[in-house]
2 protein chains.
Amino acid sequence: MGSENQELRKAGLKVTLPRVKILQILENSERKHMSADDVYLALVESEQEVGLATVYRVLTQFEGAGMVTRHNFEGGRSVFELTPEDHHDHIVCTSCGKIREFFDEIIEDRQVEIAEKLGFRITDHSMNLYGICEECQAGS
Amino acid sequence: MGSENQELRKAGLKVTLPRVKILQILENSERKHMSADDVYLALVESEQEVGLATVYRVLTQFEGAGMVTRHNFEGGRSVFELTPEDHHDHIVCTSCGKIREFFDEIIEDRQVEIAEKLGFRITDHSMNLYGICEECQAGS
DNA sequence: CTAGTTGCAAATCATTTGCACTTGC
DNA sequence: GCAAGTGCAAATGATTTGCAACTAG
């Protein structure tokens, strides 16, 4: 259970209760993609209230440390996920909000080639598909 | 010059001064991608002040009519561009903000295949690369 | 001890909305 | 003339920040 402490130290962050708690939430939640508010609510439910401002600060620090990745999907708010070993992209259901991940070697390769051709040294990319998932197509 | 009026009527929008002005800005600006604030400032410069709220309203109406496309790049604010005939994606320089467009048939095809495989009826997608452009690599 | 961290409330930023006033047709 | 459109200011929602109180090492 102290594994979080190692991770935090490795990231050069002091081990504090809010940080440990937030890391646990991210690791144990069934939802892999959470907004700052989702994390905050999960914290409240688990009896460990932490200020929303701190949630934002900590998530931003985690992002800076590379532990967490921030996504800017359509609709304003950011969602965070533990930085995955294996890179992947997302497909978001615009009806129910479900997020599915995928990885496609061909697309990844093309992205690099394209960036090179245009003279860019690529640092990051986001590729998100938006649509209606099976259940929602059937549902409504 | 009255071509804007045609476009507006075709979109079912009453021809008003603010709408015509905003459409002209979008058509004539050398920057193809503008935030609501960029449009507002251009309006101010051209002596035709229009309320910022109206700029937002009009851009949203244009988007609804399909005349304009909204992009949510990293960093909060939305940028708009006249909906292009030919679909394309974007590569953004995180240093100077320059935006380059590109289109890749292979990627487009893969996106559709992937969405199908996952059971999604795709309605939209965004694929943005972020990096440092040649000039900025040389510059700093 | 003391620099780093947190909580809370106030501040920001982008965007939206309520409402009285104006304008296109 | 009247419904649609607009301006302005106030409301909103997400995120950030100032600052005094707290805590890890």
Side-chain angles (χ1 to χ4, degrees), chain A residues 2 4-25 33-44 46-65 67-80 97, chain B residues 2 4-25 33-44 46-65 67-80 97:
Chain A
E4 289 89 7
N5 300 28
Q6 299 305 314
E7 285 193 70
L8 288 172
R9 288 212 186 76
K10 207 183 321 171
L13 295 169
K14 203 182 273 188
V15 178
T16 64
L17 214 45
R19 299 219 256 243
V20 174
K21 255 300 176 187
I22 290 173
L23 192 46
Q24 288 179 343
I25 297 269
H33 303 82
M34 306 181 79
S35 67
D37 208 63
D38 291 336
V39 173
Y40 175 69
L41 291 175
L43 247 2
V44 172
S46 72
E47 312 282 286
Q48 280 284 347
E49 188 135 9
V50 170
L52 181 53
T54 299
V55 173
Y56 276 106
R57 272 187 289 234
V58 170
L59 286 174
T60 302
Q61 290 161 346
F62 284 3
E63 185 193 12
M67 303 165 58
V68 153
T69 301
R70 178 195 304 251
H71 300 290
N72 296 288
F73 295 143
E74 287 180 0
R77 65 199 153 302
S78 299
V79 301
F80 302 81
Chain B
E4 290 89 6
N5 300 28
Q6 300 303 316
E7 285 193 71
L8 288 171
R9 289 213 185 75
K10 206 183 322 173
L13 295 169
K14 201 183 273 186
V15 178
T16 63
L17 213 45
R19 298 218 256 243
V20 173
K21 255 299 177 187
I22 290 173
L23 192 45
Q24 288 180 342
I25 297 270
H33 304 81
M34 306 181 80
S35 67
D37 208 63
D38 291 335
V39 173
Y40 175 69
L41 291 175
L43 245 4
V44 172
S46 71
E47 312 282 286
Q48 281 285 345
E49 188 136 7
V50 169
L52 181 54
T54 298
V55 173
Y56 276 106
R57 273 188 287 235
V58 170
L59 286 173
T60 302
Q61 290 160 347
F62 284 3
E63 184 192 13
M67 302 164 58
V68 152
T69 300
R70 178 195 303 252
H71 300 289
N72 297 288
F73 295 143
E74 286 179 0
R77 65 201 152 302
S78 300
V79 300
F80 302 80

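A, B, ... follow the sequence lines: proteins, then strands. Residue 1 opens every chain. Atom set for the values below is all heavy atoms of this structure, side chains included, hydrogens, waters and symmetry mates excluded.
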Task: Under 4.0 Å protein heavy-atom contact, by nucleotide of nucleotides 18-25 of chain C - B base, S sugar-phosphate only - done: B-----SS

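- When the side-chain contact (heavy atoms from CB on, under 4.5 Å) test is applied to B/V44, the partners found at least two apart in sequence or on another chain are B/Y40, B/E49.
- The interatomic distance linking A/L52 (CG) with C/dG7 (C1') rounds to 11 Å, in whole Å.
- The side-chain contact (heavy atoms from CB on, under 4.5 Å) test applied to B/A42 returns B/I25, B/M34, not counting sequence neighbours.
- In this view, B/R70 and B/T60, B/E63, B/N72, B/S78, B/F80 satisfy the side-chain contact (heavy atoms from CB on, under 4.5 Å) rule, not counting sequence neighbours.
- Rounded to 10 degrees, the angle between the two end axes of the helix from C/dC1-D/dG25 to C/dC25-D/dG1 is 30°, with five pairs used at each end.
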Validation: residues 13-21 of chain A side-chain donor-acceptor distances under 3.5 Å, sequence neighbours left out:
unit_1, atom_1, unit_2, atom_2, d
A/R19, NE, A/K14, O, 3.1
A/R19, NH1, A/Q61, OE1, 2.7
A/R19, NH2, A/K14, O, 3.3

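- For A/R19 and C/dG4, the CZ to P distance is 11 Å, given to the nearest whole Å.
- When all heavy atoms of B/L59 and B/V68 are compared, the pair lying nearest together is O-CG1, 4.4 Å.
- Distance A/Y56 OH to C/dG7 C1': 16 Å, rounded to the nearest Å.
- Between B/D38 atom CG and C/dA14 atom C1' the separation is 13 Å, expressed in whole Å.
- Contact check for B/L8 versus B/F62: side-chain heavy atoms found under the 4.5 Å cut-off.
- Between A/S35 and B/G12, the residue anchored closer to the 5' end of DNA chain D is B/G12, taking for each the nucleotide with the nearest heavy atom.
- Of the two residues near DNA chain C, B/T60 and A/E49, the one whose nearest nucleotide lies more 5' is A/E49.
- Between the P atom of C/dC8 and the CG atom of A/L43 lies a distance of 12 Å, rounded to the nearest Å.
- Scanning for side-chain hydrogen bond (donor to acceptor under 3.5 Å, both in side chains) contacts around A/S35 gives A/D38, with sequence neighbours left out.
- Rounding to the nearest 0.5 Å places CG of A/L52 at 10.0 Å from CZ of A/R57.
- Counting 5' to 3', DNA chain D first comes under 4.0 angstrom of a heavy atom of chain B and last does so at the ends given by D/dA4 to D/dA9.
- B/S46 is linked by a side-chain hydrogen bond (donor to acceptor under 3.5 Å, both in side chains) to nothing, counting only residues two or more places apart in sequence or in another chain.
- Atom CZ in A/R77 sits roughly 18 Å away from atom P in C/dA14 (whole-Å rounding).
- Between A/E7 and A/L23, some side-chain heavy-atom pair lies under the 4.5 Å cut-off.
- For B/F73, the side-chain contact (heavy atoms from CB on, under 4.5 Å) partners two or more places apart in sequence, or in a different chain, are B/H71, B/V79, B/H90, B/V92, B/I99, B/N128, B/Y130.
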